[in-house]
2 protein chains.
Amino acid sequence: MRSSDNPSRKATSFDVARQAGVSRATVSRTFTPNASVSPETREKVHKAAKELGYRVNYLARSLINRRSDLVGIVVAGMDNPFRAQQVHEIAKALVSRNFRPILLPADQGESADHVMDQLLHYNVSGVLVTSDAPPTELCREFAVHGIPIVLINKGDPIPLVDRVISDNATAGRVAAETLVECGAKQLAVLSASHVSYAARHREAAFVARGMDLGCAPRVVPVLINDYQNGLAAGRDLDGIDGLFCINDYMACGVIDALRTKPQDPKNRIRLIGHDDIGQAAWQAYGLTTFRQPCDIQASQAIDLLISRMADPELEERTVLTPVTLVRRVTA
Amino acid sequence: MRSSDNPSRKATSFDVARQAGVSRATVSRTFTPNASVSPETREKVHKAAKELGYRVNYLARSLINRRSDLVGIVVAGMDNPFRAQQVHEIAKALVSRNFRPILLPADQGESADHVMDQLLHYNVSGVLVTSDAPPTELCREFAVHGIPIVLINKGDPIPLVDRVISDNATAGRVAAETLVECGAKQLAVLSASHVSYAARHREAAFVARGMDLGCAPRVVPVLINDYQNGLAAGRDLDGIDGLFCINDYMACGVIDALRTKPQDPKNRIRLIGHDDIGQAAWQAYGLTTFRQPCDIQASQAIDLLISRMADPELEERTVLTPVTLVRRVTA
DNA sequence: CGCCTCAATGTACACGTGTACATTGCCATG
DNA sequence: CATGGCAATGTACACGTGTACATTGAGGCG
């Protein structure tokens, strides 16, 4: 009389076994792929399970399986529409592969340590990080426990930590080339490179290629890569006719600033962003930008997770995802 | 020799007990509030735990505690910036109260049943729903298991299901009044009322108040409340000088459509949106709109969850959260 | 000193599940 | 018919934890 017939308690495999007239092990086997159960008993068990509203308790299962199929998503800066889309795609991809995403917002700037620590209590099967990269120390602790971490477009190499990174070098290079093709001569790049790995690399590639082409770009630093900083920077911009914004979120601010500024029509500023957020395609912006394939990145990240779950000792890997230039009206 | 000294396995309370020279029960008590442990043993246990990198396994604990502190978030339409913000606020609020949000994207239109079914396997402590309301059938199944569901701004009353809803009636009423105050005479409301509970109620209140004021509003139906539909509808708009958009996401589309349209300057369209998404404050839009306090809604929703966890038999409740009109340039 | 109280700790069971091992019975093959 | 193989099922243990109950010992009080 372990599980009583108290209807408010969830039915257990014990209850189903009794109802179906089989042993508990057989019930368990019925819900385990590739287990040996005769068709008619399987039928009986399914019927009993349905009647009792039984569901396998994955948390109990995780104890013996040693895998919870929970995967942490650590994210900061969800006000950036690109981040929101990224989270959405990652969550969808995880669910479609039978993982459950457990969402951990890390306030921007603030360290994600405390939040990631919680994940260790939940026996997560892995962690996807799109906020700032966690400190090496913490990463090693995860590695010791055999919990894979994948960084998405963040951070320099860390031992045993895989990364999916966008092709920032190509983006920076093509941005410079495209702006020059459009006739720009005075290049600049807008980026908060100290807070973002991606920004650093896009900026560097842009500057390098710009110099190759004979137009040494000016680097305009900002505090954060957001709309407000784009707006403010856009107002101060001067003597520039080709601008690369490290992301679209900021580029929208720049466009809004330029809109209210007296423009020299024969010398308007060409503008290129990055991410292809929804707003870039809005009629008010028509922003030329680089599309990052969020869905593919998510999918790749999960592939990395899975393969490292199988073999935690793997050398760390880096997957490069391509960017494609989407030309609209700003360049 | 249950837990061997295999370093790749996580340390268990057993290991900590051995290291600290106490029983396993004492270790458990050390990590349980209000349990009786002498200060010096507590110290010993903490030391041993730190050395071994021990963390309580919440999943194992949930078996005996009957509460996992996992809370499901079911959400659809994350492309709408308001939804993204909502998810962010909910996740933050949950984490700050020591719950873990498990994010379940429900593809818009598609039923969330399958996705919510998964939650039953994870013994969630509750579910927050911001997508379409789940069918009564499914809700009752959750109720039977004592799992609280809270709907946020969605759905008509369901037995035993609490709701947090925005003051849609006031929004609709004040929208009509404000537009008329601004001098509008030909009112209209843009809304996909068949897919959204909130839209239905805002629309109804707007129409009712408009008629009171002697300007019977025209109802312009759309398929979905998104940017694209706003854009398309905005192009066809005619003979209108005061428009209430059921949400900002759509209103941005309308503004973009109007921007490229030949405007009659002495009779421009006054426009009011709803949600106060980030873009509403962008310079390109300056949208007058109603602010929904996401953070308060999230907090209230969790309060409802907690109180119903304590007493699942409670009569269903509805919490109304206020809206405040934010006046910018469109009205 | 004898007795009672109470804080501190250990023992043992429960939570719901997967699976190694043993057992059963059927069927084919010699 | 005897035997071996194999599918199907049951038994028993393990996963990591919380806690009721029993036990111990120290201290207060008559």
Side-chain angles (χ1 to χ4, degrees), chain A residues 1-4 6 8-45 48-49 52-69 120-124 145-146, chain B residues 1-4 6 8-45 48-49 52-69 120-124 145-146:
Chain A
M1 173 90 77
R2 288 154 66 102
S3 304
S4 79
N6 181 338
S8 93
R9 274 239 213 301
K10 300 176 83 132
T12 73
S13 58
F14 203 83
D15 303 318
V16 177
R18 180 159 29 115
Q19 173 112 354
V22 298
S23 83
R24 206 185 51 73
T26 301
V27 175
S28 175
R29 276 190 272 260
T30 302
F31 294 101
T32 306
N34 308 327
S36 171
V37 186
S38 83
E40 51 267 26
T41 37
R42 178 182 302 271
E43 184 63 26
K44 272 194 303 186
V45 171
L52 297 175
Y54 169 74
R55 332 261 159 156
V56 178
N57 185 335
Y58 286 174
L59 302 185
R61 170 189 276 182
S62 82
L63 272 191
I64 153 129
N65 271 351
R66 302 200 131 69
R67 43 178 298 177
S68 63
D69 290 346
L120 288 172
H121 290 273
Y122 278 91
N123 240 342
V124 291
H145 293 324
Chain B
M1 173 90 79
R2 287 155 65 104
S3 304
S4 79
N6 181 340
S8 93
R9 275 241 213 300
K10 300 176 82 134
T12 73
S13 58
F14 204 83
D15 303 318
V16 177
R18 183 160 25 120
Q19 174 111 353
V22 299
S23 83
R24 204 185 53 72
T26 301
V27 175
S28 174
R29 276 190 273 260
T30 301
F31 294 101
T32 305
N34 308 326
S36 171
V37 185
S38 84
E40 51 266 27
T41 39
R42 178 183 301 272
E43 184 62 27
K44 273 193 302 185
V45 171
L52 296 175
Y54 169 74
R55 331 260 159 155
V56 177
N57 184 335
Y58 286 174
L59 302 186
R61 169 189 278 183
S62 82
L63 272 191
I64 155 131
N65 271 351
R66 299 200 134 70
R67 44 178 298 176
S68 63
D69 289 346
L120 289 172
H121 290 272
Y122 278 90
N123 239 344
V124 291
H145 293 324

Nearest whole angstrom, please: distance from the [atom2] of [N] to the [atom1] of [X].
{"X": "A/L59", "N": "D/dT17", "atom1": "CG", "atom2": "C1'", "value": "13 Å"}
{"X": "A/L63", "N": "C/dT19", "atom1": "CG", "atom2": "P", "value": "13 Å"}
{"X": "B/H121", "N": "C/dT17", "atom1": "NE2", "atom2": "P", "value": "11 Å"}
{"X": "A/Y58", "N": "C/dG18", "atom1": "OH", "atom2": "P", "value": "9 Å"}
{"X": "A/R42", "N": "D/dA7", "atom1": "CZ", "atom2": "P", "value": "14 Å"}
{"X": "B/N34", "N": "C/dA8", "atom1": "CG", "atom2": "P", "value": "13 Å"}
{"X": "A/E40", "N": "D/dA8", "atom1": "CD", "atom2": "P", "value": "9 Å"}
{"X": "A/F14", "N": "C/dT17", "atom1": "CZ", "atom2": "P", "value": "11 Å"}

Determine the minimum heavy-atom distance between [X] and [Y], stating which atoms define it.
{"X": "A/A48", "Y": "A/A20", "result": "CB-CB, 3.9 Å"}
{"X": "A/Q19", "Y": "A/L52", "result": "OE1-CD2, 3.9 Å"}
{"X": "B/L59", "Y": "A/Y122", "result": "CD1-O, 3.4 Å"}
{"X": "B/A49", "Y": "B/V16", "result": "N-CG1, 4.0 Å"}
{"X": "B/A35", "Y": "B/R29", "result": "CB-O, 3.5 Å"}
{"X": "A/H145", "Y": "A/L120", "result": "CD2-CD2, 3.8 Å"}

Requested in this report: Mark yes or no for a side-chain to base donor-acceptor pair under 3.5 Å between B/R55 and D/dG16, with no hydrogen or angle criteria applied.
Outcome: no

Report task. Spell out yes or no: do the side chain of B/R66 and the base of D/dG18 have one donor N/O and one acceptor N/O closer than 3.5 Å? Result -> no

Side-chain N or O of [X] versus OP1/OP2 of [N]: is the shortest distance under 4.0 Å?
{"X": "A/T41", "N": "D/dT9", "value": "yes"}
{"X": "A/S23", "N": "D/dT9", "value": "no"}
{"X": "B/S36", "N": "C/dA8", "value": "yes"}
{"X": "B/S13", "N": "D/dG16", "value": "no"}
{"X": "B/S38", "N": "C/dT9", "value": "yes"}
{"X": "B/T26", "N": "C/dA8", "value": "no"}

Query raised in the report: At what angle, to 10 degrees, do the two end axes of the helix from C/dC1-D/dG30 to C/dG30-D/dC1 meet, given five pairs define each axis?
Result: 50°

**Report entry** Closest-nucleotide ordering on DNA chain C, the 5'-leading residue of A/V27 and B/A25
**Finding:** B/A25

Query - Student check: side-chain heavy atoms of A/K10 and B/N123 closer than 4.5 Å - result: yes

Report task. With sequence neighbours left out, write down each residue that passes side-chain contact (heavy atoms from CB on, under 4.5 Å) with A/T30, or none if nothing qualifies. Result -> A/T26, A/V37, A/R42, A/V45, A/H46

Report task. Between D/dG18, C/dC15, C/dT17, spot the one nearest the side chain of B/N65, thanks. Result -> D/dG18

Query raised in the report: Closer to the 5' end of DNA chain D via nearest nucleotide, is it B/R29 or B/Y54?
Result: B/Y54

